[in-house]
2 protein chains.
Amino acid sequence: MLPMKSRYALKALVFLARHQADGPVPVAGIAAAEAIPVKFLEAILLELRNSGILTSRRGPTGGYQLRVEPETVHLGDVIRNLSGPMAPLPCLSKTAYHRCTECVDEATCAVRLLMADVHAATLRIVDGTTLAQLVARVDASAVGEAEGQSERCRPEQGPVSAKLDFID
Amino acid sequence: MLPMKSRYALKALVFLARHQADGPVPVAGIAAAEAIPVKFLEAILLELRNSGILTSRRGPTGGYQLRVEPETVHLGDVIRNLSGPMAPLPCLSKTAYHRCTECVDEATCAVRLLMADVHAATLRIVDGTTLAQLVARVDASAVGEAEGQSERCRPEQGPVSAKLDFID
DNA sequence: CCCAATTCCTATCATCGCGATAGGTTTACT
DNA sequence: AGTAAACCTATCGCGATGATAGGAATTGGG
Ligand code: FES
Ligand code: FES
């Protein structure tokens, strides 16, 4: 499960990307628009600021603002900064690596072999998607919805096994 | 993080696939070989038996055994049976779906849009891999290791971005 | 210059899932 | 009978998570 911290952060960033022109946006505004607990969001945005993605200004007319262009914000970095590495196994994390005590040989570990692929696939998506791309996809899906077309229903590039597409 | 329950289960299944010819294998044997807490593994194998992929026999010369062929065991089902759905969001699970209270519109939710891809990629791997394939890969990687060759280092099918391959 | 709005900081809390253990009951082979 | 194993139920410690409380520091508007 993706932690709430990361979920809220992504929502807030999408919101801020949309309101880039409006100058600084106060936390309360974002929290109200996205139904996020104010004090919780406060802490999240603070972390995002300390990690360099956001700028803040205090006092009246203050608030948060994107520091960099949405095209340069990789969503994987957002999740990592807030919720730590997303490796499904300790032995698969670069920054927080530590040996799996239960495994005799890391090189021939079946679990590791399987999850390495999962992890790589996940990273290819979250690190390969920028905030700008995400905003664009939301817009596209909103349009597609109005036209009765989902952007995920592409007949080409079929699933590995027909019955395995989107099980759970 | 993949729960211990699932990690142990996968290890035990690989072990059982390897010892298919030996007849029933007692829990203590598997636990010793794979360094798994005996009582914990006991509960795990019991669940796997109740889900239909293992057979058990009691008394002396008893133990656990694969009920079906390793080619028909989809690893995703193993993980699901033991640790529940692996959807990264409540709204992405088929069997345990429930609406995200924090999200106004599911169709235009950025978080959902992003994680849907992650989830699909994960499912394509774990449900597209069978126990037999996993055992084969372990063997292949063991050979590759002896030859100084890792099976994951394929120059073709390059990563989306060069610096994004295997970050964390 | 004072007030209010806002970020910023620290501490604390309740809950829950997870990994694991304990202690037994039942089955079945020799 | 005796023993080895599966089977069952209950419980426990622990840490992470999501959230709240209460205030301190900063800054613009009147
Ligand atoms: S799971 Fe990390 S080495 Fe086996
Ligand atoms: S995260 Fe599920 S609808 Fe937004």
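The chains referred to below are lettered A, B, ... by the order of the sequence lines, with proteins before strands, and numbering in each begins at 1.
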Could you pull out every donor-acceptor pair under 3.5 Å between side chains of residues 59-72 of chain A and any protein atom, sequence neighbours left out?
| from | atom 1 | to | atom 2 | distance (Å) |
| --- | --- | --- | --- | --- |
| A/Thr61 | OG1 | A/Arg57 | NH2 | 3.3 |
| A/Thr72 | OG1 | A/Glu69 | O | 2.8 |

Okay, side chain of B/Thr129, backbone of B/Ile125: is any donor-acceptor separation there less than 3.5 Å? yes

Let's see if you can work this out: which of D/dC7, D/dG22, C/dG19 has an atom nearest to the side-chain heavy atoms of A/Lys39? D/dG22

Would you say B/Tyr8 places a side-chain N or O within less than 4.0 Å of OP1 or OP2 belonging to C/dA20? yes

Candidates D/dC7, C/dC8, D/dG18 - which lies nearest the side chain of A/Arg49: C/dC8

Interatomic distance, A/Arg7 CZ vs D/dA19 P [rounded to whole Å]: 10 Å

Does this structure show an ion pair linking A/Glu102 with B/Lys11, if we count only N-O contacts that are shorter than 4.0 Å? no

With a cut-off of less than 4.0 Å, is there a side-chain N or O of A/Ser56 near OP1 or OP2 of C/dC8? yes

Whole angstrom is fine here: how far is it from CD1 in A/Ile44 over to C1' in D/dG18? 9 Å

Between CE of A/Met4 and C1' of D/dA19 the distance, given in whole Å, is 11 Å

Where the side chain of B/His19 meets the backbone of B/Pro24, is there a donor-acceptor pair that is under 3.5 Å apart? no

Interatomic distance, B/Leu45 CG vs D/dC8 P [rounded to whole Å]: 13 Å

Find every protein N or O atom lying less than 3.5 Å from an N or O atom of nucleotides 12-15 of chain D, and list the pairs.
none

Where the side chain of A/Phe40 is concerned, which of D/dA6, D/dT3, D/dT20 is the nearest nucleotide? D/dT20

Does a side-chain N-to-carboxylate-O contact under 4.0 Å join A/Arg112 and A/Asp105? no

For A/Leu54 and C/dT6, what is the distance between atoms CG and C1' respectively, to the nearest whole Å? 15 Å

So, does B/Arg57 get its side chain near the phosphate of C/dA28, meaning an N or O under 4.0 Å from OP1 or OP2? no

Write down the distance between CD (A/Glu42) and P (C/dC9), rounded to a whole number of angstrom. 11 Å

I'd like to know if the side chain of A/Ser141 reaches the main chain of A/Val138, judged simply by a donor and an acceptor atom lying under 3.5 Å from each other, with no hydrogens or angles considered. yes

Regarding the side chain of A/Thr61, the nearest nucleotide among D/dG29, D/dT27, D/dA4 is D/dG29

For the pair made of CG in A/Leu41 and P in D/dT20, what is the distance, rounded to whole Å? 12 Å

From the set C/dA28, C/dC8, C/dT6, return the single nucleotide nearest to any side-chain atom of A/Pro26. C/dT6

Would you say the side-chain atoms of A/Asp168 pair up with the backbone N or O of B/Lys94, donor to acceptor, closer than 3.5 Å? yes

If you only use heavy atoms from C-beta on, which nucleotide in D/dG28, D/dT26, D/dC7 is closest to the side chain of A/Arg58? D/dT26

Roughly how many Å is it from CG in A/Leu82 to C1' in D/dA16, rounded to a whole number? 15 Å

